[in-house]
*Asks:* 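Take a look at the following structure, please.
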Amino acid sequence: AWANEGLITLGGLFVLAEGLTRTRARSMLTKPILGEPRSVFSAQSRMMPPVAALSAVMNNTPIVAMFMPVIGDWCKKTGLAPSKLLIPLSYAALLGGTCTLIGTSTNLIVHGLVLAEQKAATAAPVLEGVTLGMFTITLVGLPATLAGLAYILLASRALLPEHRDTPINMENARRFTVEMLVTPGSAIDGVSIGRAGLRHLPGVFLAAIERDGERLVAVGPEQILHGNDRLIFFGVAESVVDLQNIRGLVPATDQVFKLNEPRPNRVMVEAVVSDTCPLVGKTIREGRFRTVYDAVVIAVHRAGEHLYQKIGDIRLQPGDTLLIETHPRFVEQQRASRDFYLASTVAGAQPVRHEYALAALSVMLLLILALTFTPMPLLNGALLASGAMVLIGCCTAGEARSAIDWRVLLAVGAAIGIGKAMASSGAAESITSAMLGLFEPAGVVGIVAGIYLLTMIFNMMIGNAGAAVLAFPIALVAAGQQDLACTPLAVTIMMASSAEFANPVSYQTHLMVYNADGYRISDYVKFGLPLNFIVMAVTVAICAAWLNAG
């Protein structure tokens, strides 16, 4: 079970997704498409097609993780209810994953099962010549995705709940002063503030621009940004961290490039200056903060004040809260020091590797082209692409290891073992006989519908990976007994084991959004169950016609 090619391929694709995440490569594609919607229908229309398209070529879990903050920003800016968008986000990602072989983990598992059976000494004759290519499932997955997205757009207004986020209270929140620099020649050089997406940022606002020694205040959205402009923002810590991730903005101090720790390994830390700190009364530059602490001050908070000076010119006072970019050991070292009252890391504040974004996208594109136009096995392509992500620097070897979800691989490996036991014990044959007795009178349509329903029930009970593994030997027996082509039945299992929308625990992206916005299980049942049967109807109709034509 642990040598299954689909299992190993899945591990490689986790690393590939990590490289795309660390470089924010996907934002290069999505930001121009998404824009700023003003209604739920507009937001869903802008969000779901790119989500589905991206999910077709990479793991959908990091895609949902990337889009959740985007949806949060939309809702804070426009007042839209996140509950109208988060379940559609997960559903669109899952639907898009059914369009290609590498779109979901279950597709890879079924592909691995086919290869393993073909190599076995007792290979089933029905598998002879069966090849599941990159776009074999597209014949079914694409129509099902289009039908599913149409249903979501039409039904979500009536069937989804309306939970609204509490907006950030900028009056009471602890606001930092942060200074950012527009990188010359970047995507936002020569672009207006509005088009650059720097207007109406949640939790942070642009207070002034410094250009050629002149300060521009109360800047409007039509103001054009120039390379080397210094932008002064006021905002909460989490929003200041978000500024670091905007392509074309860098901290205005060049000190960040002089730290000893490589930037990908750094962390962001909040530290409160004590009255015994030797730098009290000195400016950050005079106190040589970087030299003393091997750390750089990115932003400063002082109660009741807006600090318009350059960060290096701010004179430190006891009680100032500093947002610092530094090495991971800083917090531990400062616990024994009297220079700071408190020091703690800021979650999710690791620097982004924007410089490798094009390289990460190139690796992804080359993998798709290689799998589409060459005979390269999927396993080889996934391993080569994941290795390239590490060698280029899109992610480190440690990040690559951490990116692999070992719990998923363990569950899949165990499920493969159970599936083999079902086949060898005769349980698969017994279940198949019972299923055919019920559905065979309806002909090929009945057999396909029976396999789909059985897989869907397995999915609700034990999850998508286990469902695919348990249903595969049943479909194999059915194909042999009824003299049916195996490829349409394998595609049926791929669709049924992936497209489960009525149970939040059936897929990891459903759980991600379930925990994020206070949904109830009844929300998934009410909204997802009709979608289950829509996808089933499309799949059964196409696969039955495929079998009859073959």
Side-chain angles (χ1 to χ4, degrees), residues 7-29 54 57-66 68-69 102 105 183 241-251 254-269 290 293-296 298 323-333 344-367 379-410 508:
L7 196 64
I8 301 170
T9 303
L10 181 58
L13 291 180
F14 276 127
V15 178
L16 183 65
E18 181 70 5
L20 290 165
T21 300
R22 292 288 178 182
T23 59
R24 294 293 194 276
R26 292 186 297 272
S27 63
M28 295 176 63
L29 301 176
L54 283 170
V57 295
M58 62 176 293
N59 188 279
N60 43 29
T61 303
I63 291 174
V64 171
M66 180 195 74
M68 285 175 70
I102 63 173
S105 58
T183 306
V241 169
D242 290 340
L243 288 175
Q244 306 272 321
N245 296 334
I246 295 178
R247 193 174 182 81
L249 286 184
V250 294
D254 61 358
Q255 299 294 305
V256 293
F257 305 108
K258 298 178 182 180
L259 293 177
N260 295 324
E261 190 78 22
R263 194 145 200 254
N265 299 339
R266 298 177 200 168
V267 295
M268 205 76 75
V269 171
R290 178 187 62 82
Y293 297 107
D294 192 19
V296 172
I298 300 296
L323 200 60
I324 300 167
E325 186 173 315
T326 183
H327 53 84
R329 303 171 302 282
F330 181 89
V331 173
E332 190 66 33
Q333 291 173 355
S344 59
T345 55
V346 179
Q350 199 168 32
V352 176
R353 305 181 183 97
H354 287 304
E355 64 273 22
Y356 295 116
L358 281 175
L361 284 176
S362 300
V363 170
M364 186 75 239
L365 180 61
L366 287 173
L367 173 63
L379 173 63
N380 295 11
L383 293 179
L384 284 172
S386 58
M389 285 291 188
V390 175
L391 291 174
I392 292 170
C394 300
C395 62
T396 65
E399 289 165 350
R401 286 192 297 272
S402 300
I404 298 173
D405 194 330
W406 298 104
R407 293 172 302 174
V408 171
L409 298 188
L410 183 64
Q508 54 264 38

*Asks:* Let me confirm one number: the OG-CG distance from S386 to L391, rounded to the nearest 0.5 Å.
*Replies:*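 The OG atom of S386 sits 9.5 Å away from the CG atom of L391.
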*Asks:* For a quick test of reading the model, state the closest non-hydrogen atom pair linking A385 to V363 and the distance between them.
*Replies:*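 That closest heavy-atom pairing would be O-CG1, 3.7 Å.
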*Asks:* Considering non-hydrogen atoms only, spot the tightest contact between A295 and I324 and give its length.
*Replies:*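 Heavy atoms of A295 and I324 come nearest at CB-CG2, 3.3 Å.
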*Asks:* List the atom of T326, the atom of D294, and the distance in Å for their closest heavy-atom pair.
*Replies:*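 Heavy atoms of T326 and D294 come nearest at OG1-O, 3.2 Å.
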*Asks:* Minimum heavy-atom separation for V390 to A397, with atom names?
*Replies:*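 In this case the closest contact between V390 and A397 is CG1-N, 4.0 Å.
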